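Okay, structure first, notes after.
The structure displayed is predicted, hence computed values, not measured ones.
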Amino acid sequence: MTVHASKGLEADHVVILRTESGTMGFPSEIADDPVLNLVLPKPEKFDHAEERRLFYVALTRARQAVTILADRSKPSVFVRELIDRSAYETIELGRSGITKVKCPSCNSRILLKTGKNGRAYLSCEHHSLCNQILRPCNSCGKSLPITDETNPNLKVCRDCGAEFLCCPECNEGWLLERKGRYGKFLGCVRYPECEGKQKL
């Protein structure tokens, strides 16, 4: 049933489905028309305030436990908040680590999206303000390689385990094999924003 239909009901165990980010996700990422903002009351202090209250309704239908199913590569902001804050005592099942991929510019969530050409890319959830676009892992095309905790010169993809050398220039990107006029070399994945390179 929908969350709206569950109001006033209770069950021992509740399963909340499709808690993922995206245009039709929960919360929805459809942007309001700027003209509409002229006639609406002042926005509330919390992001996604209306859908946040609806999510609270879904969580509080359970007497014993709530199971939330989320896509690891694009979890809802609500799921991330539950995992990030230890006070909620959330138990994460399956492969962990979805909370570690953050926007290098503003520290917000990074979302997996598909372009018009069918290629996957990673975008900041506040793309209209931040404009941060990142390339996903070159092996799996799903996740963002992050700096390895044991080796700061290495970036590792959490989805497929692929390893890349960190860019020595920006430290956000990783090095890929490229071909130039003088032969092959390693260049930053963020080129032309970053011109970091290294000899093979």
Side-chain angles (χ1 to χ4, degrees), residues 18-23 25 29 67-86 88 90-200:
R18 297 187 62 190
T19 50
E20 57 191 44
S21 61
T23 307
E29 291 172 15
T67 300
I68 303 169
L69 302 181
D71 185 332
R72 230 184 125 259
S73 62
K74 50 176 185 175
S76 163
V77 64
F78 299 151
V79 172
R80 282 183 177 269
E81 287 176 12
L82 289 172
I83 292 170
D84 282 344
R85 297 179 189 170
S86 57
Y88 295 130
T90 306
I91 300 168
E92 188 180 359
L93 301 176
R95 286 159 57 191
S96 62
I98 62 170
T99 60
K100 295 203 174 184
V101 181
K102 300 281 178 100
C103 174
S105 294
C106 68
N107 211 31
S108 298
R109 291 183 307 153
I110 287 289
L111 308 175
L112 182 68
K113 298 192 174 184
T114 306
K116 291 178 182 175
N117 59 3
R119 288 184 181 171
Y121 67 97
L122 297 161
S123 169
C124 176
E125 69 175 325
H126 302 298
H127 61 275
S128 57
L129 300 171
C130 179
N131 288 324
Q132 184 71 253
I133 302 287
L134 301 165
R135 282 184 56 173
C137 169
N138 296 81
S139 294
C140 67
K142 291 181 181 177
S143 189
L144 182 70
I146 61 170
T147 306
D148 186 22
E149 292 171 2
T150 58
N151 185 354
N153 296 321
L154 209 61
K155 290 211 179 261
V156 180
C157 176
R158 286 201 162 274
D159 270 37
C160 68
E163 295 181 351
F164 306 93
L165 286 173
C166 283
C167 173
E169 196 74 31
C170 68
N171 208 34
E172 291 173 14
W174 56 93
L175 299 176
L176 294 176
E177 189 177 300
R178 298 187 183 278
K179 195 172 182 182
R181 71 169 90 163
Y182 302 111
K184 292 180 180 179
F185 67 98
L186 294 173
C188 182
V189 72
R190 295 179 63 235
Y191 179 86
E193 290 87 11
C194 173
E195 295 186 0
K197 61 180 81 167
Q198 192 173 305
K199 289 181 180 179
L200 271 173

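- Partners of Thr90 by side-chain hydrogen bond (donor to acceptor under 3.5 Å, both in side chains), not counting sequence neighbours: none found.
- Note that CH2 of Trp174 and CZ of Arg135 are 7.5 Å apart. Values are rounded to the nearest 0.5 Å.
- With a 4.5 Å cut-off on side-chain heavy atoms, Phe185 and Leu175 do not count as touching.
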Enumerate donor-acceptor pairs with a distance under 3.5 Å from any side-chain N or O in residues 188-200 to protein atoms, sequence neighbours excluded.
none

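- Scanning both residues, Gly173 and Lys155, for their nearest heavy atoms gives O-CE, 3.3 Å.
- For the pair Phe78/Ile68, no side-chain contact is recorded, criterion being any heavy-atom separation below 4.5 Å from C-beta on.
- Going from atom CG of Asn138 over to atom CG of Leu176 covers 4.5 Å, rounded to the nearest 0.5 Å.
- Residues satisfying the side-chain hydrogen bond (donor to acceptor under 3.5 Å, both in side chains) criterion with Glu169, sequence neighbours excluded, are absent altogether.
- The side-chain contact (heavy atoms from CB on, under 4.5 Å) search around Ser139 returns Cys137, Cys160, Ala162, Phe164, not counting sequence neighbours.
- The main-chain N or O of Leu69 is found under 3.5 Å from a side-chain atom of Thr19 such that the two form a donor-acceptor pair.
- Asp148 is linked by a side-chain contact (heavy atoms from CB on, under 4.5 Å) to Thr150, Asn151, Leu154, Val156, counting only residues two or more places apart in sequence or in another chain.
- The shortest heavy-atom contact between Pro75 and Arg80 is CG-NE, 3.8 Å.
- In this structure, SG in Cys166 is found 10.5 Å from CD1 in Ile146, a value given to the nearest 0.5 Å.
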